[in-house]
Amino acid sequence: MLIKPDPRHRLSSVFVFLLLLCNISLAIGDENVQATAEYSKGASQCMSCHREGREPAAHEVFLGPMGISGAEKSPFADGAHDCETCHGPSASHRKKLKDGTRPSPQVSFAEGTPTGPQNEICLACHSDGNMIHWFGSVHEEEEVACTSCHDVHAQQDPVMDKLGQQEKCFACHPRTRAETFRASSHPLRFGQMTCTDCHNPHDGANDFLLVRSTVNDTCYTCHAEKRGPFLFEHAPVSEDCTLCHRAHGSNHDALLTQRSPLLCQQCHSPGGHPATAYTSESAENSFQNRFLLAQSCANCHSQVHGSNHPSGVTGLR
Ligand code: HEC
Ligand code: HEC
Ligand code: HEC
Ligand code: HEC
Ligand code: HEC
Ligand code: HEC
Ligand code: HEC
Ligand code: HEC
Ligand code: HEC
Ligand code: HEC
């Protein structure tokens, strides 16, 4: 569709051009507009107010890895703008206006401010390594801020800590928290494992933000013996562990999605088997019933994940 240029637009652009030509700042005379962005002379100016003991204090940033003055590529490197590398040019914030209000720093990272521009500040320094697939990841698309997970002012960022990390994740993923409290679960809530053993919260390259390209490759990083190779594979095992297991937790033994025999009977009909009728109604009083107690089908088919025995075709050994 073509849009005819509105002559008024052209007039106004001429007007703006004239303004620029005369170098007149549009903000002059308007105290509510953030004055032209200027940097202050550095951290010492900010720290005259934000020092320890004053609210809001900011001294802790110097105790963390990003606050090392002069370190290469740090916000406090020579030639960088110290606090304002992140907070943007904020000289005007240092003085109150006539009406007694204080202009906000250019970027406050306060809740409710748009995420895109905030994240860009961080990405200016952190775009390599495991950040390269940030764009297109679920968290990026859902406009999750870096600072929803990271606390850059803290001496020790809680999300880098084994238990602290989960608390951050659970704030937005309460269902996952519930799963980790089920009868059978990966030992997440004891801090013996972390979400980031299986997920890379920055990386959209793999489904479900997994650290490996498939579910199985992710599981094999710790359960390598399940990879095989097996003389006799069990098809669903090499296809996807989550056909039978829940990664976070389950109310059935061994993180299983279902109790046996129902687990197996989702895919295997009783027909043709040496024994039929394995549901609670049909197996009642039948002689096979006792074989379905305890490990159920696995009483006989113990090699559920695959077998290397020459006669292990049905996983009996
Ligand atoms: C003269 C004292 C003073 C100086 C100097 C000062 N601030 Fe502030 N700043 C405050 C006060 C007071 C607040 C609390 C919020 C308010 O009253 O507006 C604040 C709040 C902030 C906030 C939180 C803003 C928000 O909206 O949540 C940030 C970020 C900040 N200052 C950064 C800086 C930076 C960066 C510098 C140096 C360029 C700086 N401040 C210099 C007094 C100061
Ligand atoms: C690496 C980027 C970065 C640097 C460098 C940085 N800040 Fe911040 N600042 C943030 C972020 C992000 C927040 C929002 C709170 C959070 O997530 O930690 C914040 C919050 C603040 C607040 C509000 C704190 C509160 O309790 O409400 C103040 C004040 C502040 N910064 C001042 C400063 C001062 C002064 C410096 C320099 C000494 C500085 N910041 C350096 C990123 C930075
Ligand atoms: C001017 C460059 C710069 C900017 C901007 C910057 N960082 Fe950093 N960041 C660094 C450097 C340098 C380090 C320390 C060396 C390293 O770990 O790569 C670091 C370290 C970190 C770490 C590792 C902390 C740890 O405990 O190991 C995190 C997390 C981080 N930054 C998050 C952020 C976030 C979130 C923002 C935006 C609010 C941000 N950074 C903005 C330069 C920067
Ligand atoms: C959903 C939560 C989450 C979000 C959002 C997030 N991070 Fe992280 N980030 C983490 C966790 C968890 C770790 C620790 C990784 C580990 O222990 O393997 C981490 C580690 C880091 C590190 C240090 C280790 C490394 O990978 O170099 C940096 C730097 C970092 N994040 C920067 C960022 C930046 C920049 C953003 C925004 C573009 C961001 N993060 C968004 C959770 C998050
Ligand atoms: C043992 C590996 C593993 C660990 C540890 C793990 N996850 Fe997962 N997660 C997975 C797999 C595999 C999926 C794919 C979905 C499925 O289960 O079918 C997934 C899916 C998810 C999903 C999306 C689907 C859903 O279930 O809602 C979220 C959200 C999630 N995980 C959050 C977390 C959080 C938060 C933690 C840390 C408390 C965590 N995960 C720890 C393996 C893991
Ligand atoms: C500020 C909120 C927030 C935080 C904090 C957060 N997430 Fe998410 N996460 C989301 C949203 C929104 C989605 C997309 C909707 C959904 O699946 O729930 C998502 C999706 C996911 C998914 C599913 C990805 C997919 O492809 O379906 C995983 C896995 C995940 N997050 C892991 C984590 C981990 C691990 C942490 C902690 C390091 C974390 N999240 C922290 C908001 C958050
Ligand atoms: C970071 C290492 C790690 C990864 C990755 C991992 N696991 Fe585990 N897994 C463990 C640990 C540790 C245990 C607990 C062992 C114990 O309690 O003796 C465990 C236990 C299990 C159990 C037995 C639970 C029980 O109650 O007997 C199953 C089933 C399991 N994992 C399946 C998976 C699946 C499926 C995946 C991939 C989605 C996976 N694991 C990925 C470390 C891992
Ligand atoms: C066809 C269903 C099925 C699939 C698919 C499956 N498992 Fe299992 N898995 C089971 C059953 C049933 C048990 C319980 C067996 C028992 O109690 O002896 C189990 C137990 C486990 C255990 C704990 C006991 C042990 O043998 O170490 C781990 C770990 C495990 N599975 C990992 C995996 C991994 C990793 C995958 C994907 C490569 C996978 N499973 C795929 C059915 C399955
Ligand atoms: C997600 C579907 C699925 C589940 C759940 C499942 N299986 Fe299988 N199973 C298969 C497929 C597919 C084959 C391969 C069939 C073929 O090659 O004809 C197979 C093969 C077998 C075989 C070998 C059959 C043959 O003729 O070689 C046995 C025995 C077996 N499964 C037992 C079990 C047991 C025991 C369970 C429960 C612990 C179970 N299966 C759960 C899909 C499943
Ligand atoms: C009492 C031991 C025993 C129990 C319990 C048992 N099986 Fe079997 N199953 C066998 C034997 C033995 C064979 C091999 C028969 C043959 O080679 O002709 C077999 C064969 C199979 C086969 C191969 C194809 C076929 O039909 O011959 C499948 C699939 C199978 N069983 C599934 C199951 C499932 C699902 C369960 C649980 C509901 C189960 N089995 C319980 C002993 C058992």
Side-chain angles (χ1 to χ4, degrees), residues 137-139 142 144 149 159 162-182 184-201 206-250 252-275 278 291-292 294-307 309 311-317:
S137 72
V138 187
H139 284 142
E142 294 283 334
V144 176
C149 293
V159 87
K162 280 180 189 262
L163 285 167
Q165 179 191 105
Q166 292 175 40
E167 289 313 312
K168 288 281 178 185
C169 309
F170 290 155
C172 298
H173 297 295
R175 193 161 57 92
T176 312
R177 168 191 260 126
E179 287 169 347
T180 66
F181 277 89
R182 289 181 178 167
S184 164
S185 65
H186 270 119
L188 279 155
R189 63 177 188 272
F190 311 112
Q192 286 166 351
M193 254 174 102
T194 62
C195 312
T196 48
D197 282 334
C198 295
H199 297 289
N200 179 348
N206 305 324
D207 287 349
F208 299 109
L209 302 171
L210 289 172
V211 292
R212 294 284 186 278
S213 53
T214 63
V215 168
N216 278 28
D217 283 341
T218 305
C219 308
Y220 295 150
T221 59
C222 296
H223 301 290
E225 79 286 356
K226 299 286 186 285
R227 183 199 284 273
F230 296 109
L231 199 51
F232 301 106
E233 288 193 340
H234 190 194
V237 177
S238 34
E239 190 184 329
D240 186 344
C241 311
T242 57
L243 287 168
C244 295
H245 295 290
R246 283 196 191 287
H248 304 132
S250 160
H252 306 297
D253 277 353
L255 296 168
L256 290 168
T257 54
Q258 276 275 11
R259 218 161 19 90
S260 281
L262 296 178
L263 174 75
C264 315
Q265 290 176 333
Q266 291 175 104
C267 301
H268 295 288
S269 76
H273 191 264
Y278 283 120
F291 293 116
L292 294 183
Q295 303 283 73
S296 187
C297 310
N299 282 330
C300 301
H301 299 283
S302 58
Q303 304 305 309
V304 173
H305 299 101
S307 170
H309 194 281
S311 50
V313 59
T314 49
L316 294 166
R317 59 194 90 198

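Every heavy atom of this structure was used, including side-chain atoms; hydrogens, water molecules and symmetry mates were not. Every number for a ligand or one of its atoms is a count from 1 in the order of the listing.
For atom 8 (Fe) of ligand 5, the N/O/S atoms of Cys195 include none lying under 2.8 Å.
Around atom 10 (C) of ligand 8, the closest heavy atom drawn from Arg227, His252, Gln266, His245 belongs to His245. Distances from atom 32 (C) of ligand 8 to the heavy atoms of Lys226, Glu239, Gln258 put Lys226 nearest. Comparing His301, His305, His268, Gln303 against atom 40 (N) of ligand 9, the shortest heavy-atom distance belongs to His268. Atom 29 (C) of ligand 9 has its nearest heavy-atom neighbour, among Leu262, Val304, Thr314, Asn299, in Thr314.
Of the protein's heavy atoms, Thr242 CG2, 4.0 Å lies nearest to atom 17 (O) of ligand 5. For atom 35 (C) of ligand 5, the closest non-hydrogen atom of the protein is Cys169 CB, 3.5 Å. If you check which protein heavy atom lies closest to atom 1 (C) of ligand 5, you get Cys198 SG, 2.8 Å.
For Glu167 (side chain) and Gly164 (main-chain N/O), no donor-acceptor pair under 3.5 Å exists by modelled atom type. Side chain of Asp207 to main chain of Thr214: no donor-acceptor pair is present (N/O by atom type, distance under 3.5 Å, no hydrogens or angles). In this structure, the side chain of Gln303 does not engage the main chain of Gly312 through any donor-acceptor pair within 3.5 Å. Remark: the backbone N or O of Gly315 is not paired with any side-chain donor or acceptor of His301 at under 3.5 angstrom. Put simply, the side chain of His305 never gets that close to the backbone of Val237: no donor and acceptor are under 3.5 Å apart.
When each atom of ligand 5 is checked for a heavy atom of His186 under 4.0 Å away, the hits are 1 (C). Listed by atom number, the atoms of ligand 5 under 4.0 Å from Ala247 heavy atoms are 10 (C), 11 (C), 12 (C), 42 (C), 43 (C). In summary, the atoms of ligand 8 found under 4.0 Å from a heavy atom of Cys219, numbered by their order in the structure, are 35 (C). If you number the atoms of ligand 9 from 1 as listed, the ones under 4.0 Å from a heavy atom of Cys297 come out as 35 (C). Below 4.0 Å from some heavy atom of Val237 lie the following atoms of ligand 8, by number and element: 4 (C), 5 (C), 6 (C), 37 (C), 38 (C), 41 (C). The atoms of ligand 8 that sit less than 4.0 Å from any heavy atom of Pro236 are 1 (C), 5 (C). Contact atoms of ligand 5 toward His173: 29 (C) (distance under 4.0 Å to a heavy atom of the residue). Listed by atom number, the atoms of ligand 8 under 4.0 Å from His234 heavy atoms are 1 (C). Listed by number with element, the atoms of ligand 9 under 4.0 angstrom from any heavy atom of Cys267 are 1 (C), 2 (C), 3 (C), 4 (C), 5 (C), 42 (C), 43 (C).
In this structure, atom 15 (C) of ligand 8 has its sub-4.0 angstrom surroundings free of protein heavy atoms. In this structure, atom 38 (C) of ligand 8 has protein heavy atoms in its sub-4.0 angstrom surroundings. In this structure, atom 27 (O) of ligand 9 has a protein heavy-atom contact shorter than 4.0 Å. In this structure, atom 4 (C) of ligand 9 has protein heavy atoms in its sub-4.0 angstrom surroundings. Shown here, atom 24 (C) of ligand 8 is out of close reach of the protein: none of its heavy atoms lies under 4.0 Å off. Distances from atom 20 (C) of ligand 9 to the protein include at least one heavy-atom value under 4.0 Å.
In this structure, His199 and Phe208 approach most closely via the heavy-atom pair ND1-O, 2.9 Å. Contact between Ser184 and Leu255 at its shortest, heavy atoms only, is OG-N, 2.8 Å. Contact record, Thr196 with Val211: O-CG1, 3.8 Å, taken as the closest heavy-atom pair. The two residues Ser185 and Glu179 have their closest heavy-atom pair at CB-O, 4.2 Å.
In this structure, Thr194 counts as a contact residue of ligand 5, since one of its heavy atoms falls inside 4.0 Å of the ligand.
For ligand 8, the polar-atom distance check against Asn216 finds no nitrogen or oxygen pair separated by under 3.5 Å. Ligand 5 has no nitrogen or oxygen under 3.5 angstrom from a nitrogen or oxygen of Glu179. For ligand 5, the polar-atom distance check finds an N/O of His248 within less than 3.5 Å of one of the ligand's N/O atoms. Considering backbone and side-chain N/O of Thr176, none are found under 3.5 Å from N/O of ligand 5.
Counting heavy-atom neighbours within 6.0 Å of Arg212 CZ, excluding the residue itself, gives a total of 12 or less.
Relative orientation of the His173 and His139 rings is tilted, given thresholds of 30° and 60° on the angle between their planes.
By the criterion of a heavy-atom distance under 4.0 Å, neither the backbone nor the side chain of Asp253 is placed next to ligand 8.
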